[in-house]
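First listed ligand is number 1; within each ligand, the first listed atom is number 1. All residue numbers refer to positions in the sequence shown, counting from 1. Predicted model, so just to flag it, every value in this text is computed and none were measured.
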Amino acid sequence: VSELSARQYRTRYHARWVLPMTTPPIADGTVVVEGDRIVYAGPRADAPPGRDEELGDSILLPGLVNAHTHLDLTVLRGFLEGLPFFLWIRTLTAVRRDVLTYDDCLDSARLGVLEGLRAGITTFADTSPSPAAFDAMRELHVRGIAYREVFGPDPAQCGASMDELRRTIRSMEAYRTPLVHIGVSPHAPYSVSDDLFAATAAYARERKLPLATHVAESAEESDLVARGDGAFAAFLLGRGIDVAPRARSPIALLERQGVLAPGTLLIHCVRVDGEDIGRIAAHDCGVAHCPASNAKLGHGVAPLAALRAAGVHVGLGSDSMASNNRMDLLDEGRLAVLAQRIHEQRDLLDAATAVELATLGGARAIGMGGIIGSLEPGKQADLAAFAAPAELGPLYDPHDALIWSLGGAGATLVVVAGRELVRDRVHVGGGLDGQVPQRVARAAARLQSWKRARDGATPTAQ
Ligand SMILES: [Zn+2]
């Protein structure tokens, strides 16, 4: 091809540092994009011809993969503060049922996607009982998996829950796009019966749908599963549901019900022992590690180093804005490393590992390691760049700069499947109406009045 025609269909992104992830960082590197794919990642001097985009003093890496979100809960940021976990999740459930409409959830999810994009996130692994996040991800041209949540702690509900799941999955399938896929998510051991876990897992296998589940998150969950007691047990008994010890651990429970399988995404895995980790690795499951959410809700520190040492694919998840309250994977990576060092009193993990968790690790954990997560010819052109200008002082190592210094800085470029969605920290991808923040503010006002009414406060006159 002539240089002139190459300029029309190839873009060459030049940056001070390029991090391909599968090979060492490249100083003065270039990534060349053609259509929705990467055709070159390497030294600038050897790059094929194309239109030049100079990113200057920037670090260019694969778009970040958020391995666990609830995008439609962005409106709840700051709304559930200070509640113990059991009340936190009860209030969240009540709000979903009594206050938030589909339209509220859609606007809330749109804000969540935008927040992630500005932080360099190009892929979202989202779980929700509503299709709002699925719709927002499609509308805003990001990549993702919408895992449709299913609930039912009473074994008698299993058939009805499965009918509903089949119906909703059928209605979503017509709208699946090359970028946004569908999965299923039996919610958690305290909200899903053994029968429903087994039925969902069988359905996922039959339909070849990815599966995600919250597991081994809290002490209350382990108490319920291993001993049949604690706060969740009392709640289920109060609803007339039989409670008895179910398995030696939540992971053992999932294994027995056929949920552990290649591509299954296990969210949290805070309370796992050596035997659990061995089972997770043997079944080739992925793990979404959510250190900020786990710390904020007081659940503890997941054994990240041990999971990685066992060969488990681990990604980073922000979890919902109701439990984080931020969506910034560089920040999350920083916390992941710090928490391990505090917990283990050793420097087991470094910044390069944290960058890997936020990119290729996450991609592999959600079963997309073959198409995203690294900058290699043939992979999808999902990119994020972060500025490290000379005014900030020296940059000795790009991984250290990203994880230790650049959290919260915002991405200067975000590309998904070759399409530029963020430039200089501003969303340029289109597809959004300007009234979203105002509508979310109105939903927040309704949440506040619901809370006042529930707490029995006298309505005020103003
Ligand atoms: Zn979650």
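Ion pairing between a basic and an acidic side chain is recognised when a charged N comes within 4.0 Å of a carboxylate O; R279 and D276 show no such pairing. No salt bridge links R326 with E115; every basic N to acidic carboxylate O contact stays at or beyond 4.0 Å.
At least one N/O/S atom of H214, whether from backbone or side chain, sits less than 2.8 Å from the Zn ion (ligand 1).
A side-chain donor-acceptor contact under 3.5 Å links R256 to the backbone of R246. A side-chain donor-acceptor contact under 3.5 Å links T412 to the backbone of A385.
Among heteroatoms of the N, O or S kind in D319, OD1 lies nearest the Zn ion (ligand 1). Within H70, the N, O or S atom lying nearest to the Zn ion (ligand 1) carries the name NE2.
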